[in-house]
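By convention in this document, chain letters (A, B, ...) are assigned in the order of the sequence lines, proteins followed by strands, and residues within each chain are numbered from 1. These values consider heavy atoms only, across backbone and side chains, with no hydrogens, waters or symmetry-generated copies.
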Number of protein chains: 2
Amino acid sequence: MIRVKLLFITAIIIIANTLKANTVEQYSVHEIELKGPVSGNPFIDVKLSAEFRFLNRTVFCEGFYDGDGIYKIRFMPDIPGDWTYITKSNIKELDKKKGSFSCTAASGNNHGPVKVRNVYDFGYADGRPFYPVGTTCYAWVHQPDELVNQTLASLAKTRFNKIRMTVMPKDYDVYINNEPPFYPFEGSKEKGWDFNRPNPEFFRNFEKKILELQKLGIEADVILFHPYDNGHWNLDKMNREQAAFNLKYLIARIASIRNVWWSMANEYDILRKTDEEWEKYFRIIQESDPYQHLCSIHNGMEWYNHSKPWITHLSIQTAYLQDIQDWRELYNKPVIIDECVYEGNIPNDWGNLTAEEMMNRFWISYCRGAYCTHGETYIHPENILWWSKGGKLYGKSAERIGFLHKIMTETPAEGVYPFHNTWNKETYLIKEKEFYLYYYGNSQQAKARLYLPKDVKFRLEVIDAWNMTVTPVNGEFSGMTEIPLPGKPYIAVRAIKVK
Amino acid sequence: MIRVKLLFITAIIIIANTLKANTVEQYSVHEIELKGPVSGNPFIDVKLSAEFRFLNRTVFCEGFYDGDGIYKIRFMPDIPGDWTYITKSNIKELDKKKGSFSCTAASGNNHGPVKVRNVYDFGYADGRPFYPVGTTCYAWVHQPDELVNQTLASLAKTRFNKIRMTVMPKDYDVYINNEPPFYPFEGSKEKGWDFNRPNPEFFRNFEKKILELQKLGIEADVILFHPYDNGHWNLDKMNREQAAFNLKYLIARIASIRNVWWSMANEYDILRKTDEEWEKYFRIIQESDPYQHLCSIHNGMEWYNHSKPWITHLSIQTAYLQDIQDWRELYNKPVIIDECVYEGNIPNDWGNLTAEEMMNRFWISYCRGAYCTHGETYIHPENILWWSKGGKLYGKSAERIGFLHKIMTETPAEGVYPFHNTWNKETYLIKEKEFYLYYYGNSQQAKARLYLPKDVKFRLEVIDAWNMTVTPVNGEFSGMTEIPLPGKPYIAVRAIKVK
């Protein structure tokens with residue numbers, strides 16, 4: 001009897017384990033692990049993929065070699081229910097492996113990957129709007145653990161929900177030239193790199209960081225190429241074939257992580273690759289990423305042709321924000337001003353905004369129909385600048401950007417568009433007869449003059465973007481309305497239809 | 001004996017008077033006054049002009065009817081020496097009148113009319129550079145004497161050396177709708193105007209004001225058309241023929257005043273005239289102004305084609321200054337940002353800059369190779385806003401603009417050009433290996449990093465544009481140089497070659 005009970009309990013444990021192993025939450029990673037050959041160059045020699053099936057759908061997904069004879073296929077199911085798969089490989093022991101798993105509905109803070117929503121905006125796969133307020137810590141994953149943890153702790157205190165970060169380590173000016181904890185390839189900077197042999201440990205570290213961000217609700221805007229190796233490591237000396245292989249390898253490893261975005265390059269034009277080469281890499285993403293994560297490319301001086309179909313949204317570097325409405329209308333895609341100069345005080349012309357101006361540019365971007373990205377570059381005795389290494393935030397804009405994010409979440413999720421006329425001086429969002437958000441930038445007007453619809457009553461609020469206050473104005477308003485303002489910069493007025 | 005003496009004295013007095021009457025300083029007005037008919041409409045019916053001769057040169061100059069049977073021809077000789085003239089008229093008593101006068105060399109503050117100098121800049125006829133720092137009091141001449149005198153007293157305390165002002169009175173919003181002391185035509189707003197009968201008193205008042213400005217060293221940027229009659233007077237209801245006649249009449253009256261500039265229109269595009277009509281008026285100026293005063297046209301939303309030959313310089317309305325270098329290079333003409341939003345606190349989007357930002361825009365314009373124009377629009381209990389009526393200056397930018405003007409006069413007069421690259425973030429003037437003026441705008445960099453020539457020694461000065469200080473940096477500098485800055489907005493650094 002005892003024996004029967006034990007057997008029964010054992011059976012339950014086995015079933016539970018099996019269930020556990022065979023259950024994955026929607027938009028999370030289902031990982032298939034297989035043992036395979038270690039001889040030759042398994043990264044290159046072994047082809048492995050799987051077809052995942054749900055009802056009548058089949059999703060093709062590439063696997064990758066994770067070292068030590070371990071092969072993996074990672075898959076992110078996007079719909080709850082029963083999935084099956086079958087592997088495909090040029091190696092018999094990896095081929096035609098079948099399996100199944102059950103996908104449970106997303107729960108908690110899991111809303112799925114972010115996609116374009118309503119042409120100009122963003123939303124999670126489950127329909128929830130996503131209002132990007134990003135920051136920039138290019139090489140934070142390549143810093144020592146202590147600093148990495150400090151970065152994560154700093155991020156946790158903000159409302160930043162997107163971070164620009166490079167796959168490769170970065171060398172720039174006096175600010176960053178330290179060695180990363182891991183290198184992406186076998187070899188060394190002294191002896192040279194074997195670009196056909198990725199270092200799984202490097203990528204495991206990178207993935208771990210993306211998952212840490214996921215816990216914080218932060219999207220990882222993963223920068224695939226950047227022009228700042230500067231001969232320090234020569235990690236940028238891959239030929240096209242090697243670059244293509246490594247791009248596929250990275251996609252196989254991380255595309256299944258829901259908070260991944262692809263940023264093809266930072267300052268792509270400085271890399272002096274041809275359009276044809278960029279197109280090759282974009283097509284690899286199109287062909288290899290089963291989830292079609294958001295995908296963009298960031299400019300230095302010259303813009304990429306953002307009308308190309310693989311570009312999901314504009315990722316713009318510019319200090320000048322007045323033409324955002326034109327860009328929206330030209331490309332019919334969301335616009336993120338991913339670099340508009342950072343808050344800081346370094347001599348470089350890209351890193352010395354006041355906190356006021358950094359915040360101002362977020363508000364201008366938002367009220368012209370785009371989103372903006374933060375970075376911080378205060379001179380630091382140990383050259384730990386947030387923009388490249390992470391660490392602590394010293395500035396005053398992050399908190400104000402958080403306040404703006406709150407304002408964004410209070411804006412109607414549908415039907416809002418930016419005012420746009422040829423004078424191009426005013427900056428405000430409109431939802432006809434329902435909602436208006438006027439932003440007055442660095443002007444100091446002592447009154448707001450609003451041309452509200454005559455047939456709708458509105459309540460008004462004066463928003464102080466810098467002091468992060470929302471002050472209701474007594475009364476209800478229609479038609480041409482004048483209200484007093486504090487007569488200082490960074491004031492907005494919000495008009496909300498009285499229900 | 002006494003009688004002989006008296007005769008002698010009388011003779012001297014007569015000679016002196018004749019000499020006085022027949023002597024005029026270079027670039028000043030020599031006026032010929034003739035008696036003629038009063039019947040019919042002398043403004044239209046009587047044609048009067050003169051040919052002025054100096055050595056082998058002949059200058060053609062139109063006369064005008066000044067009322068009460070008085071006809072005048074005004075001429076500004078541009079070279080010292082003996083001039084003769086002969087009149088031409090369809091009226092016998094005005095025809096073939098001959099005379100001569102002597103022109104003496106310019107003296108004191110008389111440097112002649114301002115012209116384009118070195119493609120992108122301005123200079124007086126005598127070669128002295130003119131650095132425009134303008135202001136805007138559109139309708140100041142149409143205000144009561146007391147206010148006019150206050151305006152002149154205010155101007156006298158500044159370094160403003162150009163003023164934008166309209167020929168016609170202006171009606172705009174709540175800010176200006178008062179009656180002018182004189183109307184430009186016979187008639188009334190109630191009964192209508194006779195556009196063929198100018199009111200000489202109106203023009204005498206206008207001329208007097210221009211001469212008052214001349215005493216202060218201020219150029220009168222005379223705006224011929226503007227879109228702000230708003231049905232108040234209907235003074236803008238002239239047909240083309242009437243407009244052409246009145247334009248010629250004005251030119252005959254004031255072209256001989258050396259500090260006149262022609263601004264064809266304020267916000268020309270709002271007037272909705274055809275290009276052909278504007279061209280007609282420009283050609284009248286070209287044909288009728290013997291001195292070819294500076295001539296421009298100011299835009300609202302849409303730009304005029306500034307490459308037309310009658311445009312001497314760009315007169316731009318824009319809030320966005322980053323493309324100035326492109327405009328210079330496109331048109332090869334000087335650029336004046338004649339309206340970039342005014343210092344003030346009114347709700348209108350064109351009138352609520354902080355003093356800091358008004359000053360900042362002057363510095364940006366200058367260090368990108370252009371010039372800027374001031375205006376002030378602080379809410380006033382009696383609606384006396386400087387921008388339209390003149391009066392007192394309440395703001396803080398005028399003094400800082402004066403400081404910038406001093407900096408301008410210290411910049412080398414030849415060979416300076418603005419830095420221009422496709423990044424378009426930096427704002428500075430260069431004279432290769434001699435002089436650099438870096439302006440850091442509203443950034444807060446705590447260091448300046450200068451890439452000075454390696455083979456030249458420079459002394460450096462830190463300029464605080466807001467506090468109007470110039471602080472020398474100890475030492476001499478070459479090559480890549482870093483110096484500390486105050487770490488706050490509105491700082492410039494000047495590098496001057498050590499002699």
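Taking each heavy atom of A/Pro347 and B/Ala448 in turn, the nearest pair found is CB-C, 4.2 Å.
Proximity to chain B is limited to the backbone of A/Ile346, based on heavy atoms less than 4.5 angstrom apart. Only the backbone of B/Leu353 comes within less than 4.5 Å of a heavy atom of chain A; no side-chain atom from C-beta onward does.
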Report every donor-acceptor pair between chain B and chain A with a separation under 3.5 Å, backbone and side chains included.
| from | atom 1 | to | atom 2 | distance (Å) |
| --- | --- | --- | --- | --- |
| B/Asp173 | OD1 | A/Arg449 | NH2 | 3.3 |
| B/Asp173 | OD2 | A/Arg449 | NH1 | 2.8 |
| B/Asp173 | OD2 | A/Arg449 | NH2 | 3.3 |
| B/Gln317 | OE1 | A/Lys425 | NZ | 3.0 |
| B/Tyr320 | OH | A/Arg368 | NH2 | 3.0 |
| B/Tyr320 | OH | A/Asn424 | O | 2.6 |
| B/Gly344 | O | A/Gln444 | NE2 | 3.1 |
| B/Asn345 | O | A/Ala446 | N | 2.7 |
| B/Pro347 | O | A/Gln445 | NE2 | 3.4 |
| B/Asn352 | O | A/Gln444 | N | 2.8 |
| B/Asn352 | ND2 | A/Gln445 | OE1 | 2.9 |
| B/Leu353 | O | A/Gln444 | NE2 | 2.9 |
| B/Arg368 | NH2 | A/Tyr320 | OH | 3.0 |
| B/Tyr378 | OH | A/Gln444 | NE2 | 3.2 |
| B/Asn424 | O | A/Tyr320 | OH | 2.6 |
| B/Lys425 | NZ | A/Gln317 | OE1 | 3.0 |
| B/Gln444 | N | A/Asn352 | O | 2.8 |
| B/Gln444 | NE2 | A/Gly344 | O | 3.1 |
| B/Gln444 | NE2 | A/Leu353 | O | 2.9 |
| B/Gln444 | NE2 | A/Tyr378 | OH | 3.2 |
| B/Gln445 | OE1 | A/Asn352 | ND2 | 2.9 |
| B/Gln445 | NE2 | A/Pro347 | O | 3.4 |
| B/Ala446 | N | A/Asn345 | O | 2.7 |
| B/Arg449 | NH1 | A/Asp173 | OD2 | 2.8 |
| B/Arg449 | NH2 | A/Asp173 | OD1 | 3.3 |
| B/Arg449 | NH2 | A/Asp173 | OD2 | 3.3 |

